[in-house]
Amino acid sequence: MRLSALLTRLIVFAAAGFLSVAAARSTVAIVEERSVIAVQETLVDQGYEWASVLGDGLQVILEGDAPSEAVRFRAISAAGGMVDASRVIDNLSIIDSEEIAPPQFAIEILRNNAGVSLIGLIPASTDRDGLAARITDIADGQPVTDLLEVADYPTPPTWPDAVTYAIRALEMLSKSKISVNADRVLVNAISDSPEEKRELEIALARNTPDGVRLAIDISAPRPVISPFTTRFILDQAGARFDACTADTQEAVSEILTAASQAGFQQRANCILALGAPSRTWGEAVAQAITAVDNMGGGTVTIADTDVTLIAPVGTGQATFDNIVGRLENSLPDAFALTAELQEAPQETSDEIPQFTATLSPEGAVQLRGRVPDEITNTLAENFANARFGQRQITMGTRISEGLPNGWAVRILAGIEALSELSNGAVIVNPDKLQVRGNTGNEDASAAISRLLIEKLGKTSDFEIDVTYVEELDPIASQPTPEECLAQINAATEGRKITFDPSSADLTAATQPVVDDIAAILKECGDLRIRVSGFTDSQGREVMNQQLSQDRADAVLTALRARRVPVSTFESVGFGEDNPIASNETEDGRERNRRIEFSLIQSDTNPEETSALDALADETPAEDAPQEESE
């Protein structure tokens, strides 16, 4: 009986234990399944689809390839937000990262009256000391702040050229911000005048490195123009401006819109300037141009607040009155209108007087035609001499009576207008003054128009047909540095810079060669030129080096004496280094004794510059010391 009761108890206890274990396993499975589902849904919701979740009892195992260490950490944190972090087992792996992309190298260079500052990141291969020395030289005593950082990554192929160009630009621009990276150089600067702005733009546009984009934005103070003038013509030759001046960019747009509607299709050189008589300048000019268009032709001149409208021959009186009336009532308050209806010229048997002034491309000036008296004749000749300098003046004038009033003024105004041209002619008639020719000044037409309005009056009839020729522009046609060196090479072809034996004194025979080189350099603008001296191998090396330095200095001194701006030049003596021929023969030694002109590049190694030789020689002498190279 007792045994049966004990067995029953054991069986009940075992059954209870079995049921407890089964219940525990079932509970763990449910918790495991729910944990896995909760963590998986959270990872998917947060964009970690690459991760898979496994359950192992109460533990949650994360597997998969994370794109980066940071993403792996965020996935683990997301899982730990759904279950206890101690239950999360990290079996994640990191995808092998590709090679880290190099940073973008860039320099920001700022230059003003306070000095020069450099900010940015440069390759470790950059010659930082050489760059700093060049910047310090450009700063010319002003402080240089170097905030550049260095990174050891491969140097982009175009980086050296971009930096070299930026340094060259910095040398030209005393107030500038230059942004440089491997494929772009952005130049922002301030110039002192419109002329300097144009000169800098042309200089900077030269020698742009291949593969480097260039953006130039140079501002200049606006010129002050008086009288503030715009002159628009519409005739059988089409619509055109003799002068176009505006005070704002909005006024330019307003003027050109009206001109375009009147048939103007050319490129307008509208000058933004100071001196506008009213803020409504653009509106007044646009209305005047529209009136000319409605008239079917004519000329309108707006000089300060005076608007002068000349209708073409054949315009009906009613049409003329209607258009003039509407313009007069619509013009802004500050402006006054004067209108004139041209009449057909009366036929006459009298000879029409005429005065002509011509300027040839070679600079010869010829004056011919009628003048009222001897005083006017002498005055015209003297005035031509004053305007054209010492050029040849040929007088073919004759004194005549009965000339129109103001004839002498028209003659002098014509001569002054001609002086704005490189070559051309001025024809003075009683009813019209014509100016035709070529010029190297883009603003010549506007300048002539203002001149004639000022001298002859706002109602005067004149015609300007002036063509801008870039080859005549002293700035645009300025040769490049490479072209200048080519000219030096041509000038020294077959000729030598020679010195007295064993000295740095230029011989008398070499003076014409230096004269020609100086003339070329004066036309080339600012260049960075190195004058290098070389000797043969005869004599002691130290003395040869000093002799070559003295001779290079002598050439630089000779150029300075000829008023060549040599502030950016340097002279270097290399002695017997870098021979170009064998020193074993007299002919070879003669070739090695030379002076070279080369451009100074960013790298000052003379072997990497583009050099041209002006070979140096000296007069042989029997008593020349043998310990020195000749």
Asp536 side chain to Asn583 side chain, donor-acceptor N/O pair below 3.5 angstrom: no

Sequence neighbours excluded - salt bridge (charged side-chain N to carboxylate O under 4.0 Å, His left out) pairs with any residue from residues 576-585: none

Note, Ile119 side chain near Thr145 side chain (heavy atom, < 4.5 Å): no

Neighbour count >12 (heavy atoms, 6.0 Å) for atom CD, Glu541: no

Heavy-atom donor-acceptor pair, Asn181 side chain to Arg184 backbone, under 3.5 Å: yes

Test item: Leu214 and Tyr165 side chains (from C-beta on) under 4.5 Å apart, heavy atoms: yes

Distance in Å, Ser449 OG paired with Asp443 CG, rounded so as to fall on 0.5 Å steps: 12.5 Å

Arg128 vs Asp146 side-chain heavy atoms within contact, under 4.5 Å: yes

4.5 Å side-chain heavy-atom contact, Leu421 and Leu418: yes

Residue pairs involving residues 104-125 (criterion salt bridge (charged side-chain N to carboxylate O under 4.0 Å, His left out); sequence neighbours excluded): Glu108-Lys177

Inter-residue atom distance Ile464.CD1 - Asp242.CG, 0.5 Å rounding: 4.0 Å

Ring geometry between Trp159 and Phe105 (parallel below 30°, tilted from 30 to 60°, perpendicular above 60°): tilted

Verdict with supporting geometry, Glu381 and Asn385, side chain to side chain donor-acceptor pair (under 3.5 Å): CA-CA 6 Å; Glu381 183 178 8; Asn385 276 302; 4.6 Å; no

Exercise: do Gln511 and Asp515 side chains pair donor with acceptor under 3.5 Å: no

Check: Phe597 and Val531 side chains under 4.5 Å, non-hydrogen atoms: yes

From CD (Gln366) to CG (Leu359), nearest 0.5 Å: 11.5 Å

Sole residue of Leu131, Ile178, Ile107, Val180 in side chain to side chain contact (heavy atoms under 4.5 Å, CB included) with Ile167: Leu131

Donor on one side chain, acceptor on other, Thr158 and Asp183, under 3.5 Å: no

Under-4.0 Å salt bridge between Arg589 and Glu586: yes

Partner set under side chain to side chain contact (heavy atoms under 4.5 Å, CB included) for Ala273, not counting sequence neighbours: Pro223, Ile225, Phe228, Thr245, Ile271

Flag for Asn423-Ser360: side-chain donor and acceptor within less than 3.5 Å: no

Modelled atom types, side-chain donor and acceptor of Asp550 and Gln546, under 3.5 Å: yes

